[in-house]
Amino acid sequence: QLVESGGGLVQSGGSLRLSCAASGFNLADRAVGWFRQAPGKEREGLICISRGRFYSDTADSVKGRFTISRDNAKNTVYLQMNSLKPEDTAVYYCAADWDEYAFDCTVKVDRGRYLYWGQGAQVTVSS
């Protein structure tokens with residue numbers, strides 16, 4: 001099970017940090033991605049990190065503003081979001097790879113790969 005937290009309302013230019021906490025399995029053994037979905041739009045991949053931090057990837061839409069990190073002791077992955085814009089308003093999801101042995105990750109919304117999803121956290125950026 002994955003649980004996101006840390007969402008909320010922030011002004012344009014502000015920052016938020018989302019957390020993705022896992023229970024029932026070791027998140028350190030899997031690639032993790034962050035995704036978002038705005039009303040009326042398709043789910044969009046943002047950033048991912050592989051197991052062991054071997055590899056990461058970031059979508060152009062958030063490059064230079066969003067970063068991903070792990071705290072293996074807390075079985076948690078974080079999404080640090082800086083310089084937020086109103087167009088970043090969406091429900092944010094984390095997802096974990098089913099494959100414990102993959103050394104890469106993908107920001108594609110690959111539901112065949114990302115089998116474990118959180119319930120989502122609302123982020124609203126006011127102008």
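Just so you know, residue 1 is the first one in the sequence shown, and it goes up from there.
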Please identify each residue that fulfils side chain to side chain donor-acceptor pair (under 3.5 Å) with [X], with sequence neighbours left out.
X      : value
Lys63  : Asp60
Glu100 : none
Thr124 : Gln122
Gln37  : Arg43

Legend entry - Partner set under ring-ring contact (aromatic ring centres under 6.0 Å, His included) for Phe54, not counting sequence neighbours: Phe103
Inset, instruction - Say whether, by atom type as modelled, one donor and one acceptor occur between the side chain of Glu4 and the main chain of Gly120 under 3.5 angstrom. - result: yes
Looking at [X] and [Y], what are the two nearest heavy atoms and their distance?
X      : Y     : value
Leu2   : Ala96 : CD1-N, 3.7 Å
Ser127 : Ser12 : CA-CB, 4.2 Å
Leu46  : Tyr92 : CD1-CE2, 3.5 Å

Legend entry - Heavy-atom side-chain proximity of Leu84 to Phe66 below 4.5 angstrom: yes
Legend entry - Side chains of Tyr114 and Val109 in contact at under 4.5 Å (non-hydrogen atoms): no
Inset, instruction - With sequence neighbours excluded, give me every disulfide bond (SG atoms under 2.5 Å apart) pair touching residues 96-127. - result: Cys48-Cys105
What residues form a salt bridge (Lys or Arg N to Asp or Glu O under 4.0 Å) with [X], not counting sequence neighbours?
X      : answer
Glu44  : Arg36
Arg65  : Asp88
Asp110 : none

Inset, instruction - Report the C-alpha separation of Ser126 and Leu9 in whole Å, then their side-chain angles, then the decisive distance to 0.1 Å, and conclude whether the side chain to side chain contact (heavy atoms under 4.5 Å, CB included) test is met. - result: CA-CA 7 Å; Ser126 63; Leu9 175 64; 4.3 Å; yes
Legend entry - Of all pairs that satisfy side-chain hydrogen bond (donor to acceptor under 3.5 Å, both in side chains), the ones with a partner from residues 71-80, not counting sequence neighbours: Gln80-Asn82
Taking only distance into account, with no hydrogens and no angle test, what donor-acceptor pairs under 3.5 Å do side-chain atoms of residues 17-35 form with protein atoms, sequence neighbours excluded?
| unit_1 | atom_1 | unit_2 | atom_2 | d |
| --- | --- | --- | --- | --- |
| Asn26 | OD1 | Ala28 | N | 3.1 |
| Arg30 | NH1 | Asp97 | O | 3.1 |
| Arg30 | NH1 | Trp98 | O | 2.8 |

Legend entry - Under-4.0 Å salt bridge between Asp57 and Lys108: no
